[in-house]
Chemist: 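My questions all concern the structure below.
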Amino acid sequence: MESGAKKWGFQRTQGLEAASTTTVRGYLNLLMGNINQDSCLTVVPLGHGDPSHFPSFRTTPAAEDAIVDALRSAKHNCYATTVGILPARRALADYLNRDLPYKLSPDDVYLTNGCTQGIEVVISILSRPGANILLPRPGFPLYEAWCAYNHLEMRHYDLLPEKGWEVDLDAVETLADENTVAMVIINPGNPCGNVFSYEHLNKIAETARKLGILVIADEAYDNLAFGSTPYVPMRVFGLTVPILTMGSISKRWVVPGWRLGWLVTSDPDGILQKSGVIDSITGFLNISSDPATFIQAAIPQILENTKEDFFSKIISTLRECADICYNRIEEIPSLTCPKKPEGSMFVMVKLNLSMLEDINDDVDFCLKLAKEESVIILPGRAVELKNWLRVTFAIEPSLLQEGLARVEAFCQRHAKKQ
């Protein structure tokens with residue numbers, strides 16, 4: 001062998017490359033690689049939910065001041081405790097306790113590196129030989145990636161576009177068996193822009209209780225609701241079924257790069273404790289990384305000092321952008337939006353391939369759109385829905401208008417001749 005070495009004992013991790021390419025980042029890297037570098041067009045990012053780049057979505061100075069104060073105090077340069085520092089967990093418990101029929105304690109709150117680590121935690125601790133988990137279709141592909149990596153069987157239930165993207169609860173009951181550990185819901189919806197009603201969430205809780213499974217509530221976009229349906233956190237139903245909630249400051253405060261999230265157990269009956277899930281969460285966090293201590297220390301001040309007018313401004317801007325997005329898409333014959341978005345930063349759009357020439361599928365559409373118009377849109381295949389598109393509307397309104405005008409021009413150029 002070369003250099004006289006014996007056979008090397010290391011090799012790449014099987015399955016990791018495949019899992020990583022199916023994430024949002026994997027698809028975005030593919031699309032960005034297809035941008036025409038000779039084009040003078042500004043790239044319009046309608047594929048990734050990170051509006052922090054744009055002036056209309058600047059975070060509140062109260063949050064920035066809290067970070068500066070925590071850093072300059074020189075009290076938070078140390079390692080944090082495994083589950084997060086107590087003042088931050090106490091402040092978050094108080095923040096999340098509003099309108100609950102029971103009270104969370106700081107011991108119910110675990111700090112994570114954003115919702116991303118929360119997903120890693122819950123999928124890892126629930127994985128065991130023979131187990132399966134129920135995931136929404138369309139959904140957030142990081143769940144599929146972590147399930148694949150942990151060899152946890154995935155079973156997809158559909159969200160129903162004709163019913164405002166509600167959960168197909170009949171399918172949930174059909175898919176579940178004695179080896180089902182949990183079902184995931186995302187509310188407000190990524191990628192559909194829907195907001196589940198109180199009544200529908202109650203039905204989800206009752207169904208999960210009947211099946212003996214816990215609910216993983218992905219609430220990364222909590223309170224980002226701007227339609228007629230009020231936002232209701234799933235933890236309201238903690239007396240019905242055990243719930244693991246994931247949240248963060250990333251979206252509501254528009255600071256995804258700060259990487260501060262939380263995993264919360266809503267379980268007044270102590271079922272998660274008796275089953276060992278609580279010990280597993282702590283055990284996992286013992287061997288993983290923590291959010292930066294000074295970011296944790298800033299949380300009480302961020303929660304206390306952020307004024308309602310900041311949230312109102314963000315909601316108003318999102319509503320304006322959602323209106324622009326929906327109305328412009330409605331003017332493009334080859335695209336259909338089944339429901340106007342009411343929350344989060346996304347909308348799902350149906351691609352009518354029969355009206356287009358030289359477009360094979362959703363991935364082909366997005367690759368050619370990137371090359372010809374420098375507009376990035378996520379193909380529906382990335383979120384388990386082939387020949388749909390996920391459009392992010394949380395960017396500067398003027399740039400959104402420009403990007404959608406280019407999408408319309410692209411569709412006209414590829415329209416089938418009558």
Side-chain angles (χ1 to χ4, degrees), residues 15 18-27 115-116 118-120 122-194 196 200-201 203-208 210-221 234 241 243-244 246 338-339 344 346-351 361-363 378-390:
S20 65
T21 56
T22 59
T23 63
V24 170
R25 286 181 177 179
Y27 275 100
C115 281
T116 297
I119 294 172
E120 179 186 358
V122 297
I123 297 301
S124 297
I125 67 170
L126 294 174
S127 297
R128 56 173 171 77
N132 67 77
I133 189 169
L134 308 183
L135 303 179
R137 181 173 51 213
F140 184 52
L142 199 59
Y143 287 97
E144 281 79 6
W146 274 110
C147 286
Y149 187 67
N150 284 279
H151 307 289
L152 178 60
E153 180 189 349
M154 297 167 271
R155 298 182 180 181
H156 289 93
Y157 65 83
D158 288 325
L159 302 179
L160 304 172
E162 68 275 13
K163 292 187 176 181
W165 299 107
E166 286 188 349
V167 173
D168 185 347
L169 290 173
D170 290 336
V172 167
E173 294 201 39
T174 301
L175 289 167
D177 60 22
E178 67 277 5
N179 292 314
T180 304
V181 293
M183 66 178 293
V184 173
I185 67 165
I186 305 174
N187 182 49
N190 173 11
C192 301
N194 58 297
F196 291 139
H200 190 58
L201 290 171
K203 290 179 182 177
I204 291 171
E206 292 290 352
T207 300
K210 175 182 175 183
L211 297 172
I213 61 177
L214 64 85
V215 176
I216 298 168
D218 184 327
E219 296 177 354
Y221 296 88
M234 190 69 202
V241 65
I243 296 162
L244 295 179
M246 289 175 291
K339 181 176 173 61
S344 79
F346 311 98
V347 64
M348 287 300 292
V349 178
K350 176 67 174 175
L351 185 60
D361 56 24
D362 54 319
V363 176
L378 196 71
R381 192 169 312 188
V383 295
E384 299 292 325
L385 208 57
K386 185 179 179 180
N387 293 334
W388 287 68
L389 308 170
R390 190 194 79 167

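Please read these numbers as outputs of a predicted model, since none were measured by experiment. Hydrogens, waters and symmetry mates are skipped; everything else that's a heavy atom, side chains included, is used.
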Chemist: In the structure I gave you, are the side-chain heavy atoms of Trp388 and Pro338 within less than 4.5 Å of one another anywhere?
Modeler: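 Result yes, sub-4.5 Å side-chain heavy-atom pair found.
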
Chemist: Could you give the distance from CG (Asn150) to CD1 (Ile125), rounded to the nearest 0.5 Å?
Modeler: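 Answer rounded to 0.5 Å: 11.0 Å.
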
Chemist: Kindly compute the distance separating CZ (Phe196) from CD1 (Ile186), expressed to the nearest 0.5 Å.
Modeler: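 Between atom CZ of Phe196 and atom CD1 of Ile186 there are 8.5 Å.
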
Chemist: With rounding to the nearest 0.5 Å, note down the distance linking CG in Asp177 to CG in Leu211.
Modeler: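 These two atoms lie 10.0 Å from each other.
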
Chemist: For His200 versus Val167, what's the shortest heavy-atom pair and its separation?
Modeler: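 Closest heavy-atom pair between His200 and Val167: NE2-N, 2.9 Å.
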
Chemist: Side chains of Trp146 and Ser127: does their closest heavy-atom pair fall under 4.5 Å?
Modeler: no

Chemist: Is it the case that atom NZ in Lys203 sees more than 12 heavy atoms from other parts of the structure closer than 6.0 Å?
Modeler: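 No, the 6.0 Å shell around NZ holds no more than 12 heavy atoms from other groups.
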
Chemist: Are the side chains of Arg390 and Met348 in touch, meaning some heavy atoms are under 4.5 Å apart?
Modeler: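 Yes - at least one pair of side-chain heavy atoms lies under 4.5 Å apart.
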
Chemist: Quick one: are Thr207 and Ile204 in side-chain contact, heavy atoms under 4.5 Å?
Modeler: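 They are not in side-chain contact.
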
Chemist: Which heavy atom of Cys192 sits nearest a heavy atom of Leu159, and at what distance?
Modeler: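 So the two residues come closest at SG-CD1, 4.1 Å.
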
Chemist: Between CD1 of Ile133 and CD1 of Ile216, what distance do you get to the nearest 0.5 Å?
Modeler: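 Atom-to-atom, Ile133:CD1 and Ile216:CD1 are 4.0 Å apart.
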
Chemist: Is there a side-chain contact between Leu201 and Ile185 in this structure, where contact means two heavy atoms from C-beta onward sitting under 4.5 Å apart?
Modeler: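 Yes, their side chains come closer than 4.5 Å.
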
Chemist: For Asp361 versus Lys386, what's the shortest heavy-atom pair and its separation?
Modeler: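 Minimum heavy-atom separation between Asp361 and Lys386: CB-CE, 4.5 Å.
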
Chemist: Roughly how far, to the nearest 0.5 Å, is the OH atom of Tyr157 from the CG atom of Leu169?
Modeler: 8.5 Å

Chemist: Where do Leu175 and Thr180 land on the side-chain contact (heavy atoms from CB on, under 4.5 Å) test, with the steps shown first?
Modeler: CA-CA 9 Å; Leu175 289 167; Thr180 304; over 6 Å; no

Chemist: Of the non-hydrogen atoms in Met154 and Cys147, which two are nearest, and what is the gap between them?
Modeler: CG-CB, 3.5 Å

Chemist: For Lys339 and Gly164, work out which heavy atoms get closest and say how close.
Modeler: CD-CA, 3.3 Å

Chemist: Kindly assign one of parallel, tilted or perpendicular to the pair Tyr143 and Phe140, based on the angle between their ring planes and the thresholds 30° and 60°.
Modeler: perpendicular

Chemist: In Å, rounded to the nearest 0.5 Å, how long is the span from CG of Leu135 to CG of Leu152?
Modeler: 8.0 Å

Chemist: So, for Asp362 and Arg381, which heavy atoms are closest and what is the spacing to 0.1 Å?
Modeler: OD2-N, 2.7 Å

Chemist: For the side chain to side chain contact (heavy atoms under 4.5 Å, CB included) test, which of Leu214, Val184, Val215, Asp218 pairs with Leu244?
Modeler: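 Checked Leu214, Val184, Val215, Asp218 against Leu244; only one passes side chain to side chain contact (heavy atoms under 4.5 Å, CB included): Leu214.
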
Chemist: Give the C-alpha distance, both sets of side-chain angles, the deciding distance and a yes or no for side-chain contact (heavy atoms from CB on, under 4.5 Å) between Glu153 and Asn179.
Modeler: CA-CA 10 Å; Glu153 180 189 349; Asn179 292 314; over 6 Å; no

Chemist: Checking side-chain contact (heavy atoms from CB on, under 4.5 Å) for the pair Asn187/Met234: CA distance, chi angles, key distance, verdict?
Modeler: CA-CA 8 Å; Asn187 182 49; Met234 190 69 202; over 6 Å; no

Chemist: Could you go through Val181 and Arg128, starting from their C-alpha distance and side-chain angles, then the distance that decides it, and tell me whether this counts as side-chain contact (heavy atoms from CB on, under 4.5 Å)?
Modeler: CA-CA 10 Å; Val181 293; Arg128 56 173 171 77; 3.8 Å; yes

Chemist: Is there a donor-acceptor pair under 3.5 Å between the side chain of Ser344 and the backbone N or O of Gly189?
Modeler: yes

